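Notes follow once the structure below has been shown.
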Protein chains: 2
Amino acid sequence: MLTKKQLIEFCSDARKNYLDHVSIDCVVFGFHEGQMKVLLLRPHDETKWLLPGGFVMRQEPIEMAANRILKERTGLDKIFLQQFFVFGDPDRAKFHHDLYKEMLPDDENWFSNRFLSIGYYALVDFFGVVPQPDQFSATCTWRDLDDMPEFLLDHEQIFKGALDALRLQLNYQPIGYNLMPKQFTMPELQKLYESILGKKLDRRNFQRRILGFGILNRAEQPRKGGAHKAPYLYSFDLEKYQNALTEGFKGGW
Amino acid sequence: MLTKKQLIEFCSDARKNYLDHVSIDCVVFGFHEGQMKVLLLRPHDETKWLLPGGFVMRQEPIEMAANRILKERTGLDKIFLQQFFVFGDPDRAKFHHDLYKEMLPDDENWFSNRFLSIGYYALVDFFGVVPQPDQFSATCTWRDLDDMPEFLLDHEQIFKGALDALRLQLNYQPIGYNLMPKQFTMPELQKLYESILGKKLDRRNFQRRILGFGILNRAEQPRKGGAHKAPYLYSFDLEKYQNALTEGFKGGW
DNA sequence: GCAAAAGTGTTCATGGTACACCCATGG
DNA sequence: CCATGGGTGTACCATGAACACTTTTGC
């Protein structure tokens, strides 16, 4: 738990450095052991959870702010980020305010401000992340996508918005470069899609469809050592992948 | 042109009533005579143009703010609005600041603030709109989509972002209820699509595709009076239309 | 009766869905 | 030697693209 002194210092720094009324919340997706994961924070003395978030410095582009915030939580740089919605309900963020209103009068309490929150989702390499709680949190850790805990504030809504946006992206853009290791097998990539979509896909049709995108290179050597038939290893063709990202796949019209 | 007195009054009101650092810009689409149009403003003593925009009141939901702003520019209520992006470059809005910096010192000039702008696009009934300039503008008028003028600030970028978002929407949602009159012919609806996409479509395939969406009702009586064969009149089946809006069409996966 | 607009139909290629079949490996 | 995982192939259907034909109407 924060001391009053720490809180006062944070609020005075915040007022100096950050834009009023604007915050950023990020839904960070990682992939591990066939499961999509989301990076969450649990505040001190709380059972419910929050998304990693923060504020925008006075002369900082918002995308850079999102990157800075995530660098603090994950240790990662140059994260794949996608802005997807602004949550602008005036009553959306009473949590921190309520939590600290005993300690500070409203006019000194940064959290008594109204905040619009810009929602980003991020796709990151699970193994590259070293989860790091912020000063308000006791824990920062991965949670399974299909086993989300209860959220504080409107963060469930933000999480769901991010998942919807990610699912939409599957329809017209490639996904996976930021989530998978350098090399992977087709069944592993399929697990990624299944985990995002929350449903099983046909093995053979998946393979044809993905290969049809023309963004994968097959390695010469199949993976060895496992039981059963050795699967081929694939990697993303970065140039074609980037091109597909900007061009998009098939647009109905 | 604004007098110094008016400007001072605006700035002091703005500081009292609006959130710092947040603005809203809207790309308003209308359809008339086979052409998509966009509602634009031209400031006093300027040749370049701006999108209709404004600020968010301290206790106002952002969607309500966008509605209020558009009500002032168009006279319309309950507009179809879609949030599509936040423009957050710290240097994005120097125009008004430069324009008025001779009149007011920075600390009294509302426009010396940095503003993030939340981009909305709107689909409206062309005939329902009574364009109304704001106090900074000499003109508020429709401009053809395929003949856009030069913009001030980053408003060209915002306009292009909106058009891209609208084109994307065509792929998975119905469009037209907010833009077309109650009744219309198939060729008229096709013109709408062609104008948005900026390309010709095949008459017959268009018809089958649109009808396949199952959101149109055909009137018993065809339109009379014109030259050539009388076309059928259609109207949107509002219930099915709304359902298609929320459900979306075919999602790739 | 001809040009233009509009409704209806047909063909063909493509892409998705649901399968069947074959290969490799460890127990 | 067989269960399991993994690679490849096929039949079928829906959908989209390209194009032909017919109907109506004013000049």
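From a predicted model like this one, the values you see are computed outputs, not experimental measurements. Note on naming: letters A, B, ... go to the chains in the order of the sequence lines (proteins, then strands), and numbering restarts at 1 for each one.
Taking atom CG on B/L201 and atom P on D/dG16, their separation rounds to 13 Å, with Å as the unit. Protein atom CZ of A/F213 is 11 Å distant from nucleotide atom P of C/dG15, rounded to whole Å. Here the P atom of nucleotide D/dG7 and the CD atom of A/Q190 are 10 Å apart, to the nearest Å. Atom pair B/L189:CG and C/dA6:C1' shows a separation of 15 Å (rounding to whole Å applied). Straight-line distance from the CZ atom of B/R209 to the P atom of C/dG9: 20 Å, rounded to whole Å. The nearest whole Å value for the distance from the CZ atom in B/F184 to the P atom in C/dA6 is 14 Å. Between the NE2 atom of B/H228 and the P atom of C/dC2 there is a distance of 17 Å, given to the nearest Å. B/K200 places its NZ atom 17 Å from the P atom of D/dA17, with the value rounded to the nearest Å.
Take the nearest nucleotide of DNA chain D for B/N205 and for A/P187: the residue whose nucleotide is more 5' is A/P187. Place A/D202 and B/L211 on DNA chain C by their nearest nucleotides, and B/L211 ends up nearer the 5' end. Taking the nucleotide of DNA chain D with the nearest heavy atom to each of B/R203 and B/R208, the more 5' of the two is matched to B/R208.
Counting non-hydrogen atoms of neighbouring residues, nucleotides and ligands closer than 6.0 angstrom, the OH atom of B/Y193 exceeds 12 such neighbours. By the neighbour-count criterion of 12 heavy atoms within 6.0 Å, atom CE of A/M64 is sparsely surrounded, having that number or fewer from other residues, nucleotides or ligands. Crowding of A/K191 atom NZ: a count of heavy atoms from other residues, nucleotides or ligands under 6.0 Å not exceeding 12.
With hydrogens and angles ignored, the 3.5 Å screen pairs no side-chain donor or acceptor of B/T74 with any backbone N or O of B/P131.
At least one cation-pi condition fails for A/R167 and B/W253: the charged atom is not both under 6.0 angstrom from the six-membered ring centre and inside a 45 degree cone around its axis.
Taking side-chain N and O atoms only, A/Q207 has no distance below 4.0 Å to OP1 or OP2 of D/dG6.
The A/P231 side chain lies nearest to D/dG6 when the options are D/dG6, D/dT8, C/dG16.
Evaluation of atom-type donor-acceptor distances gives no pair under 3.5 Å for the side chain of A/R204 against the base of D/dT10.
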